[in-house]
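Values reported hereafter were calculated over all heavy atoms of this structure, with side chains retained and with hydrogens, waters and symmetry mates removed. Order of listing sets the numbers, starting from 1, for every ligand and every atom in it.
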Amino acid sequence: MDLKSGQKALDSDLIKRTKLVEVEGVPLASNIAENWSLLQGFAARPDDLLICTYPKAGTTWIQEIVDMLQHGGNPQRCARAPTHKRMPFIDMILPKSMISGLEIAEEMPSPRTIKTHLSVQLLPPSFWEQNCKIIYVARNAKDNAVSFYHFHRMNQMLPEPGNWDQFLEDFLVGKLIRGSWFDHVLGWWEAKDRHPILYLFYEDIKEDPAREIQKVAQFLGIELTEAVLKRIVQHTAFESMKTNPMANYSSLPSSILDQAVSPFMRKGTVGDWKEHFTVAQSERLDEVCARELGGSGLTFRTEL
Ligand code: A3P
């Protein structure tokens, strides 16, 4: 694979909506399940930083924030490659002959920042053994589900989402790719008590990006001047990232991400769920949230 020119050829014929296969009870893309031992054997290094999320919780956003922090707030240095090449997505294993995040990660010199959507119990053990720092971002279930629905529509490698009502049912019972949102956010929430994990919320970053960027800087041991902080806030604002070809996934062909169906940088707000949920659906999700998260101390805001 040629990392400079980009990647192995993207073969459109190989791009199909994936089947789901359960691994330890979590539905995953069949390619990941088939390469499970390869992924589990991934060799983390002590200076790796891991960014972890349930899909559509603001992964790309925190990736851009972290990259800016790591590069002194210099946007040119963050424009060296698209997000998925700057920070390999290790649990993105594509059909033979196509790019695999695992391969990009293995070939990358240290220090690496790596992306994953894995549930806590599925993380390759080397990340725990090497005591790697981890940043987790969680987003309220309602907006997360809406964003995931539109992403299923436009991502030609994910299963067909069906209509919104069906999709939400699948979300509530954890039948979608990556499994239960509740288990994901809770598993990582509990893990933070025994591991260096910075647990952030999409809603908090939206409310006060400077405050949350400072938290990240502190976690990474990076000193920030006011000027650099201001530049990072501007560069990572939704409107900037929407038009940034290195952050908006426009580098991927429409045979993978069809942005004519729904743009990757879609709304970028807290509360878009109100355009999708019926009152009954909203109450039902509130009930499930109360049952699943009750007593954990983990709470979410669904509006600002
Ligand atoms: P919406 O679909 O609600 O717009 P991920 O990167 O985990 O796939 O998450 C994508 C979601 O984060 C999308 O949500 C996207 O618009 C939003 N997002 C990406 N960059 C953002 C930013 N700078 N500010 C706010 N939201 C952002």
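Between atom 19 (C) of ligand 1 and the options His150, Met265, Glu64, His117, the minimum heavy-atom separation is to Met265.
Aromatic pair Phe148/Phe171: ring centres not closer than 6.0 Å. In this structure, Trp61 has its ring center no closer than 6.0 Å to that of Phe238.
Of the polar atoms of Gly58, at least one N or O is found under 3.5 Å from an N or O of ligand 1, judged by distance alone. Ligand 1 has a nitrogen or oxygen under 3.5 angstrom from a nitrogen or oxygen of Trp61. Remark: ligand 1 and Asp143 share no N or O pair separated by less than 3.5 Å (distance only, no angle test). Taking any N or O of Thr236, backbone or side chain, at least one lies under 3.5 Å from an N or O belonging to ligand 1. For ligand 1, the polar-atom distance check against Thr60 finds a nitrogen or oxygen pair separated by under 3.5 Å.
What sits closest to atom 8 (O) of ligand 1 on the protein, heavy atoms only, is Lys56 NZ, 2.8 Å. In this structure, atom 2 (O) of ligand 1 lies nearest to the protein heavy atom Ser147 OG, 2.6 Å. Scanning the protein for heavy atoms near atom 15 (C) of ligand 1, the closest one is Phe264 O, 3.9 Å. Closest to atom 26 (N) of ligand 1 among all protein heavy atoms lies Tyr202 OH, 2.7 Å. Counting protein heavy atoms only, atom 14 (O) of ligand 1 is closest to Arg139 NH1, 3.1 Å.
Salt bridge Arg86/Glu64: present, at least one basic N to carboxylate O contact under 4.0 Å. Comment: Arg301 engages Asp204 in a salt bridge, judged by a side-chain N to carboxylate O separation of less than 4.0 angstrom. A salt bridge is defined here as a Lys NZ or Arg NE, NH1 or NH2 lying under 4.0 Å from an Asp or Glu carboxylate O, and Glu212 with Lys206 fails to meet this definition. Between Asp143 and Lys274 no salt bridge is recorded (no basic side-chain N to carboxylate O distance below 4.0 Å). For Lys133 and Asp47, the salt-bridge test fails: no basic side-chain N is under 4.0 Å from an acidic carboxylate O.
Within the 4.0 Å heavy-atom criterion, neither part of Ala247 lies near ligand 1. At a heavy-atom cutoff of 4.0 Å, ligand 1 is contacted by no atom of Ser240, backbone or side chain.
Side chains of Asp165 and Gln281: a donor on one and an acceptor on the other come within 3.5 Å. At a cut-off of 3.5 Å, with distance as the only test, no side-chain donor of Asp48 or Gln130 sits close to an acceptor on the other residue.
Remark: Lys192 qualifies as a cation-pi partner of Trp189 under the 6.0 Å distance and 45° angle criteria applied to the six-membered ring.
Residue Met241 approaches ligand 1 through these ligand atoms, each under 4.0 Å from one of its heavy atoms: 20 (N), 23 (N). Near Thr59, meaning under 4.0 Å from one of its heavy atoms, ligand 1 places the atoms 5 (P), 6 (O), 7 (O).
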